**Q** 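My questions will all concern the structure given below.
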2 protein chains.
Amino acid sequence: MTESLDSERMACWRAYIESSQRLFTQLEDDLRTDSELTFADYHVLVLLSEAPGQRLRMGELAGRLVFSPSRLTYQISSMQKRGLVARQSCPEDRRGSEAVLTAAGLLALREAAPHHLRSVRTHLMDDLDDAEVACLTRVFERLGRRLRADRDASSTPADK
Amino acid sequence: MTESLDSERMACWRAYIESSQRLFTQLEDDLRTDSELTFADYHVLVLLSEAPGQRLRMGELAGRLVFSPSRLTYQISSMQKRGLVARQSCPEDRRGSEAVLTAAGLLALREAAPHHLRSVRTHLMDDLDDAEVACLTRVFERLGRRLRADRDASSTPADK
DNA sequence: GTGGTGACGTTGAAATCTGAATAGAAAGGG
DNA sequence: CCCTTTCTATTCAGATTTCAACGTCACCAC
């Protein structure tokens with residue numbers, strides 16, 4: 001029956017979409033200005049740097065980045081050419097492969113991080129008070145949990 | 001000096017990024033499932049349908065969609081081929097052109113809208129209480145204003 | 001073990017997106 | 001008027017992304 005949003009929620013939705021798009025564009029531009037990395041590159045480096053052994057399976061990485069498998073293949077190939085990561089075939093499962101952070105990759109991350117974090121602060125975080133931060137965290141962590149659950153449910157053909 | 005985010009803001013930032021990415025992907029998938037439109041197509045149709053004369057200048061459209069000029073040119077060409085919009089050269093300014101909504105475009109929008117709005121509700125809005133909606137609206141409208149202002153400032157070489 | 005089934009990544013072709021360069025037209029002096 | 005500058009949108013080449021089809025291997029039941 002209700003196939004629409006009330007006007008407050010519609011305004012909320014629109015502000016969220018437009019501002020997010022604008023923010024991501026801006027961060028991407030900033031990152032390119034003061035490093036040789038894209039936002040995707042940066043994110044890959046962060047995830048690898050935090051992983052045990054500074055390595056992750058392709059599938060795991062794709063899941064966290066919200067990338068399609070083929071997109072990740074391309075992304076890692078690109079970073080491999082630039083020496084930021086290496087590819088190794090997985091010992092336990094010979095179908096799989098893993099991306100490993102290189103010394104150059106870690107260095108690139110260390111150089112880019114201060115600029116990027118400053119960018120995140122000036123464009124977004126500095127303008128939020130603690131209550132707003134708490135609210136956003138609550139909302140988006142809940143959303144993330146739900147969307148991950150939906151995805152897992154739909155990939156499992158445990159229908160019905 | 002502070003070139004990092006405190007841990008709460010970092011968690012907030014990460015949840016926001018990941019969940020947003022996931023949400024946009026999900027909405028895109030839903031839209032494709034029950035219509036022939038992409039999210040960008042849909043957004044163009046919405047903006048045109050609300051514009052006086054159901055037409056907008058390319059630049060205006062690009063600004064609102066947060067698209068680069070060349071991306072918009074491509075987007076509109078694609079929609080033109082599918083009959084969703086038409087292109088007309090602008091009477092007042094012969095450099096410019098405008099995109100006009102067609103009957104088929106309006107129809108496509110009307111058919112897709114209920115599904116898309118349901119999708120937005122089930123994946124996001126239904127889970128938010130009124131206070132959260134108010135918080136998000138406040139935050140993202142403020143962010144949007146600031147980012148638009150930054151963009152305008154940097155395009156104007158009125159440097160000091 | 002053997003065959004079927006599914007999971008993990010990759011590949012190739014086509015669609016889309018970006019950034020620099022460009023054509024065409026308006027605007028503002030001089 | 002003429003010239004220079006700026007604005008609008010498009011074009012082109014190249015980079016990225018998607019989608020579907022594969023190749024390889026693991027897993028499970030027989």
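In what follows, every chain begins at residue 1, and chains take the letters A, B, ... in the order their sequences are listed. All of these numbers come straight from a predicted model, not from anything done at the bench.
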**Q** Does the side-chain contact (heavy atoms from CB on, under 4.5 Å) test come out yes or no for Met10(A) and Leu117(B), once each step is laid out?
**A** CA-CA 9 Å; Met10(A) 183 59 92; Leu117(B) 291 173; 3.9 Å; yes
**Q** Check the distance between dT16(D)'s P and Leu37(A)'s CG and give it to me in whole angstrom.
**A**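 Value for this atom pair: 13 Å.
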**Q** What I want to check is whether the side chains of Ser19(B) and Arg146(A) have a donor and an acceptor closer together than 3.5 Å.
**A**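 Note: Ser19(B) and Arg146(A) side chains miss the donor-acceptor criterion.
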**Q** Leu56(A) CG to dC8(C) C1': how many Å, rounded?
**A**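 Value for this atom pair: 15 Å.
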**Q** Parallel, tilted or perpendicular: which fits the ring planes of Phe24(B) and Phe24(A), with parallel below 30° and perpendicular above 60°?
**A**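 The arrangement is perpendicular - the two ring planes meet at more than 60°.
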**Q** Give the rounded distance in Å between these two atoms: CG of Leu72(A) and C1' of dT11(C).
**A** 15 Å
**Q** Of the residues in residues 16-33 of chain A, which ones touch DNA chain C at a heavy-atom distance under 4.0 Å?
**A** none
**Q** How many Å lie between OH on Tyr74(A) and P on dT18(D), as a whole number?
**A**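 Atom OH in Tyr74(A) sits about 12 Å away from atom P in dT18(D).
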**Q** Nearest to the side chain of Arg57(B), heavy atoms from C-beta on, is which of dA20(D), dT8(D), dT10(D)?
**A**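 When the side chain of Arg57(B) is considered, dT8(D) is the closest of dA20(D), dT8(D), dT10(D).
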**Q** Rounding to a whole Å, what distance do you find between Phe39(B):CZ and dC17(C):P?
**A** 13 Å
**Q** The side chain of Thr73(B) lies closest to which of these nucleotides: dT17(D), dA9(D), dT10(C)?
**A**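 The nucleotide sitting nearest to the side chain is dA9(D).
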**Q** Which whole-number value in Å describes the distance from Arg71(B) CZ to dT16(D) C1'?
**A** 12 Å
**Q** Starting at atom CE of Met58(B), determine the distance to atom P of dC7(D), rounded to an integer number of angstrom.
**A**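 After rounding, the reported distance stands at 19 Å.
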**Q** Kindly point out which of dC17(C), dT11(C), dG19(C) is positioned nearest to the side chain of Ser70(B)?
**A**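 Selected nucleotide: dG19(C).
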**Q** Name the pairs: protein N/O against N/O of nucleotides 21-26 of chain C, kept only if under 3.5 Å.
**A**
none

